[in-house]
Visitor: 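Mind having a look at this structure? Questions to follow.
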Amino acid sequence: AVALSAAGAPIAHAASAGPAPSSASTVSPLAGVTDPAAETAAVELLKATYFNDVDTKNWAALRQLFAPDAVVDTTGSLGPLFPNRDSFIVFTALTLSAINTRHQGYDPQIDLTSDTTASAVWTMQDRLSIAGLVTIHGYGHYADNYEKVNGQWLVTHSVLTRTGFTLEFPLIQRFVTGLSNAYQSGG
């Protein structure tokens, strides 16, 4: 629950303040969803494609995963707030094109809020390696909102919140290991 609130995600199952409406007037948001499993799988595929497009630097394909007016908030990761997909794509391309990245998203908590809207919280890890000199291994969450437009799920709002990161120095680690091995072998 702390991660959800830190990521700015709405708590979808919170009790309402007023009395519950009668069952005769209650319509489930999923009433219009004919195949919830297929829709959930489509949202999962969208996020997997997002990670792949970032890691393969396929900026044109990445752009197609977002609604034109999608808001991307990376302030919880010490980044900017992007008011639309194009500003997000331009910044991401500029900052990540020369960096080897590996992203993983897992344990999605997907809520189909209607037949054309959904939200999800994803646990994430990423590794950003800069010329093999330093690697940032980050952890956190994505809290996303989606809308189905013309049969395709699109990201309409995304919040990235980092809960931690470590810095790794591969060249220094190999050098220290080499010295240690030489010392242990008497050389």
Side-chain angles (χ1 to χ4, degrees), residues 2-9 42-110 120-146 152-187:
V2 172
L4 293 177
S5 64
V43 170
E44 289 176 352
L45 180 60
L46 169 61
K47 195 64 172 185
T49 303
Y50 166 86
F51 290 130
N52 185 63
D53 288 345
V54 170
D55 292 344
T56 61
K57 316 305 185 220
N58 190 343
W59 310 124
L62 181 65
R63 183 179 182 273
Q64 298 306 310
L65 302 178
F66 290 83
D69 59 348
V71 173
V72 180
D73 182 353
T74 65
T75 57
S77 183
L78 304 177
L81 173 69
F82 302 98
N84 56 56
R85 74 175 174 196
D86 289 333
S87 60
F88 170 68
I89 298 300
V90 166
F91 179 84
T92 302
L94 285 172
T95 57
L96 297 184
S97 286
I99 298 175
N100 181 1
T101 62
R102 295 176 304 281
H103 288 82
Q104 295 179 330
Y106 46 92
D107 297 334
Q109 299 168 17
I110 299 172
V121 176
W122 300 83
T123 302
M124 63 78 67
Q125 285 192 55
D126 61 3
R127 296 176 73 83
L128 312 173
S129 180
I130 304 166
L133 300 174
V134 63
T135 298
I136 302 165
H137 185 179
Y139 311 87
H141 297 92
Y142 280 94
D144 294 340
N145 292 324
Y146 307 94
Q152 178 184 350
W153 286 100
L154 299 173
V155 177
T156 58
H157 191 257
S158 183
V159 178
L160 172 60
T161 302
R162 293 215 181 257
T163 56
F165 68 90
T166 58
L167 295 177
E168 302 166 2
F169 302 92
L171 289 178
I172 294 173
Q173 290 166 332
R174 284 196 292 269
F175 177 75
V176 170
T177 300
L179 280 179
S180 176
N181 290 342
Y183 178 75
Q184 289 175 1
S185 68

Visitor: Over all heavy atoms of both residues, which pair between Tyr50 and Phe88 is shortest? Give the atoms and the distance, please.
Guide: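 Shortest heavy-atom separation between Tyr50 and Phe88 comes out as OH-CZ, 3.9 Å.
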Visitor: Considering non-hydrogen atoms only, spot the tightest contact between Pro170 and Gly132 and give its length.
Guide: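 Closest approach of Pro170 to Gly132, heavy atoms only: CG-O, 3.6 Å.
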Visitor: List for me each residue that meets side-chain hydrogen bond (donor to acceptor under 3.5 Å, both in side chains) alongside Glu168, sequence neighbours excluded, and say none if there are none.
Guide: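 If we apply the side-chain hydrogen bond (donor to acceptor under 3.5 Å, both in side chains) test to Glu168, skipping adjacent residues, the hits are Arg127.
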Visitor: Mind checking the CD-OG1 spacing from Gln104 to Thr123? Nearest 0.5 Å is all I need.
Guide: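 Here the interatomic distance stands at 11.5 Å.
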Visitor: Hey, could you give me the OG/CZ distance between Ser158 and Phe82, rounded to the nearest 0.5 Å?
Guide: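 So the OG of Ser158 and the CZ of Phe82 are separated by 11.0 Å.
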Visitor: Looking at Asn84, is its backbone amide N or carbonyl O close enough to the side chain of Ser87 to form a donor-acceptor pair, meaning the two atoms are under 3.5 Å apart?
Guide: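 Present.
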Visitor: Looking at OG1 of Thr75 and CZ of Arg162, how far apart are the two atoms once the value is rounded to the nearest 0.5 Å?
Guide: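 Thr75 OG1 to Arg162 CZ: 12.5 Å, rounded to 0.5 Å.
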Visitor: For the atom pair CG (Leu160) and CG (Leu78), what is the distance rounded to the nearest 0.5 Å?
Guide: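 Answer rounded to 0.5 Å: 10.0 Å.
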Visitor: Between CG of Asp126 and CD1 of Ile136, what distance do you get to the nearest 0.5 Å?
Guide: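 So the gap between those two atoms works out to 8.5 Å.
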Visitor: Could you tell me the separation between the CH2 atom of Trp59 and the CD1 atom of Ile89, rounded to the nearest 0.5 Å?
Guide: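 Answer rounded to 0.5 Å: 7.5 Å.
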Visitor: Measure from the side-chain N and O atoms of Thr49 to the backbone N and O of Leu45, and report whether any donor-acceptor pair falls under 3.5 Å.
Guide: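 Judged by distance alone, yes, a pair lies under 3.5 Å.
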Visitor: More than 12 foreign heavy atoms under 6.0 Å from CZ of Phe175: is that the case here?
Guide: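 Counting neighbours around CZ of Phe175, 12 or fewer heavy atoms of other residues, nucleotides or ligands fall under 6.0 Å, so no.
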Visitor: Under the side-chain contact (heavy atoms from CB on, under 4.5 Å) rule, collect the residues that match up with Phe51, sequence neighbours excluded.
Guide: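 By the side-chain contact (heavy atoms from CB on, under 4.5 Å) rule, Phe51 matches Lys47, His103, Tyr142.
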Visitor: Indicate the atoms forming the closest heavy-atom contact of Trp153 with Val43, along with that distance.
Guide: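 For Trp153 versus Val43, the nearest heavy atoms are CD2-CG2, 4.0 Å.
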Visitor: Give the minimum heavy-atom separation between Ile99 and Ser129, together with the two atoms involved.
Guide: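 That would be CG2-O, 3.4 Å.
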Visitor: Could you tell me whether the side chain of Leu62 reaches within less than 4.5 Å of the side chain of Asn58, counting heavy atoms only?
Guide: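 No, their side chains stay 4.5 Å or more apart.
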Visitor: Indicate the atoms forming the closest heavy-atom contact of Ala67 with Thr156, along with that distance.
Guide: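 Shortest heavy-atom contact: CB-CG2, 4.2 Å.
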Visitor: Check whether Thr101 reaches the backbone of Leu128 with its side chain - one donor and one acceptor, N or O, closer than 3.5 Å.
Guide: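 No, because the side chain of Thr101 does not come within donor-acceptor range (under 3.5 Å) of the backbone of Leu128.
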Visitor: Does any part of the side chain of Phe91, heavy atoms only, come nearer than 4.5 Å to the side chain of Thr74, both counted from C-beta?
Guide: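 Side-chain contact under 4.5 Å: no.
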Visitor: Hey, is Asp55 close enough to Arg102 for a salt bridge, meaning N to O under 4.0 Å?
Guide: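 Salt bridge flag = no for Arg102 with Asp55.
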Visitor: Using side-chain heavy atoms (C-beta onward) and a distance below 4.5 Å, is Tyr146 in contact with Val155?
Guide: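 The answer is yes, as the side chains (C-beta and beyond) meet within the 4.5 Å cut-off.
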